[in-house]
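What you see is a predicted model, and the numbers here were worked out from it, not measured in a lab. Note on naming: letters A, B, ... go to the chains in the order of the sequence lines (proteins, then strands), and numbering restarts at 1 for each one.
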Number of protein chains: 2
Amino acid sequence: MSDLLERLRGRGWRLTSQRRVVAEVLDGEHVHLTADEVHARAAARLPEISRATVYNTLGELVTLGEVIEVATDGRAKRYDPNAHRPHQHLVCTGCGAIRDVHPLGNPLADLPAEQRFGFTVSQAEVTYRGLCPDCTG
Amino acid sequence: MSDLLERLRGRGWRLTSQRRVVAEVLDGEHVHLTADEVHARAAARLPEISRATVYNTLGELVTLGEVIEVATDGRAKRYDPNAHRPHQHLVCTGCGAIRDVHPLGNPLADLPAEQRFGFTVSQAEVTYRGLCPDCTG
DNA sequence: ATCCTACGATGGACGCAATCCAAGTCAAGA
DNA sequence: TCTTGACTTGGATTGCGTCCATCGTAGGAT
């Protein structure tokens, strides 16, 4: 992701200090942060950055396909900087933690034509749920 | 689902008029309603029913496995009374319409032990996305 | 180097979904 | 019929995210 900023410039992004910091936060931690966590880490470097800017920037990165938005049931969305390798997610129903996983098979192939109801199906998203080791106790 | 109330009594549920109405609403419409839509339909029969009770009752039905909660990105959750048969969802990225589908295979079996990171994995949720016939253009 | 201006940042108000809480109500067993 | 604690109520509150009017500034133009 080190050339992320280059790619964004190429797409006509105005490179502000705020956007740079948000991108660096995502680049630095390969975990799935919430928008608030991104904001907190960004504010450590750029104290005046606003939450709205973090939300705007994350939304733009999602639109550009650089980051994936992961909706965890009823909690804050998390942002996954690992957008260039296809993968699925394993979510802890206790604490909301997320791990990337790479299951076998291709779920798209498991949906027969007669189950598609005329849809042009383009994506299959699999979310595994369970308790992580810390929450099992 | 006509014997839903019987099953719930068997599990020690106190059968109140509010719970009966919520169950009847879900039983009557085999579509995916939001909590507010359930509340509106319930209030047509029992005007004083409160939102909190609808939320409580829906949550209990989900916990008991009688109803499935479907999180649609950023919008209100929807409640799927078709819990008797396992199924997944096909969502139109254009208009948000949802269809129940029954894919082949068992996605849980596609997640090898070394990909589970110590989690107690209990559920695999598959969401297919694409454009429905009306939105394909 | 300086100027311009449109794009981006700000932060507080706002909106929606959902939960919490203390007080009142009532289903159902004794 | 009485009693009890599970259930309901509705207003307040929380959590997450968006909106908007205003201010600031990146980067092209001169």
Round to a whole Å and report the spacing from [atom1] of [X] to [atom2] of [N].
| X | N | atom1 | atom2 | answer |
| --- | --- | --- | --- | --- |
| Arg9(A) | dG28(D) | CZ | P | 7 Å |
| Leu5(A) | dG27(D) | CG | P | 11 Å |
| Glu69(B) | dA17(C) | CD | P | 14 Å |
| His39(A) | dT10(C) | NE2 | C1' | 10 Å |
| Lys77(B) | dC16(D) | NZ | C1' | 13 Å |
| Arg78(A) | dG17(D) | CZ | P | 10 Å |
| Leu33(A) | dG17(D) | CG | C1' | 17 Å |

Taking CZ in Arg41(B) as the centre, count heavy atoms belonging to other residues, nucleotides or ligands within less than 6.0 Å. Is the count above 12?
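Atom CZ in Arg41(B) is packed in, count exceeds 12.
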If you count the non-hydrogen atoms of other residues, nucleotides and ligands that lie under 6.0 Å from CZ in Arg9(B), is the total more than 12?
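Count not over threshold, so no.
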Atom OH of Tyr79(B) and atom OG1 of Thr57(B): how far apart are they, to the nearest 0.5 Å?
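Rounded to the nearest 0.5 Å, the OH-OG1 separation comes to 11.0 Å.
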Answer whether the closest heavy-atom distance between the side chains of Arg11(B) and Glu60(B) falls below 4.5 Å.
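SC-SC contact between Arg11(B) and Glu60(B) ruled out.
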Measuring only between side-chain heavy atoms, which start at C-beta, is Arg116(B) closer than 4.5 Å to Val101(A)?
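No, their side chains stay 4.5 Å or more apart.
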Could you report the tightest heavy-atom contact between Cys132(B) and Phe119(A), atom names first, then the distance?
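So the minimum-distance heavy-atom pair works out to CB-CZ, 3.5 Å.
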Counting just side-chain N and O atoms, does Tyr55(B) come under 4.0 Å of either OP1 or OP2 of dT19(C)?
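Checking dT19(C) against Tyr55(B), no side-chain N or O comes under 4.0 Å of OP1 or OP2.
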Need the bend value for the helix from dA1(C)-dT30(D) to dA30(C)-dT1(D): angle between end axes, 5 pairs each end, nearest 10°.
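Axis-to-axis angle, ends of the helix: 30°.
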Do the side chain of Gln115(A) and the main chain of His102(B) share a donor and acceptor less than 3.5 angstrom apart?
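At least one qualifying donor-acceptor pair exists.
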Out of Arg75(A), Arg78(A), Lys77(A), which residue meets the salt bridge (charged side-chain N to carboxylate O under 4.0 Å, His left out) rule with Glu37(A)?
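Result: among Arg75(A), Arg78(A), Lys77(A), Arg78(A) is the only option passing the salt bridge (charged side-chain N to carboxylate O under 4.0 Å, His left out) with Glu37(A).
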Intermediate values then yes/no, side-chain hydrogen bond (donor to acceptor under 3.5 Å, both in side chains), His32(A) and Asp100(A):
CA-CA 9 Å; His32(A) 304 76; Asp100(A) 289 355; 2.7 Å; yes
Between the protein and nucleotides 8-13 of chain D, which nitrogen or oxygen pairs are less than 3.5 angstrom apart?
{"unit_1": "dT8(D)", "atom_1": "OP1", "unit_2": "Thr16(B)", "atom_2": "OG1", "d": "2.6"}
{"unit_1": "dT8(D)", "atom_1": "O3'", "unit_2": "Gln18(B)", "atom_2": "NE2", "d": "2.9"}
{"unit_1": "dT9(D)", "atom_1": "OP1", "unit_2": "Gln18(B)", "atom_2": "NE2", "d": "3.2"}
{"unit_1": "dT9(D)", "atom_1": "OP1", "unit_2": "Glu48(B)", "atom_2": "O", "d": "3.4"}
{"unit_1": "dT9(D)", "atom_1": "OP2", "unit_2": "Ser50(B)", "atom_2": "N", "d": "3.1"}
{"unit_1": "dT9(D)", "atom_1": "OP2", "unit_2": "Ser50(B)", "atom_2": "OG", "d": "3.3"}
{"unit_1": "dT9(D)", "atom_1": "OP2", "unit_2": "Thr53(B)", "atom_2": "OG1", "d": "2.7"}
{"unit_1": "dG10(D)", "atom_1": "OP2", "unit_2": "Glu48(B)", "atom_2": "O", "d": "3.3"}

Nearest-nucleotide wise, let me know which of Asp36(B) and Trp13(B) is further upstream toward the 5' end of DNA chain C.
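Whichever sits nearer the 5' end wins; that is Asp36(B).
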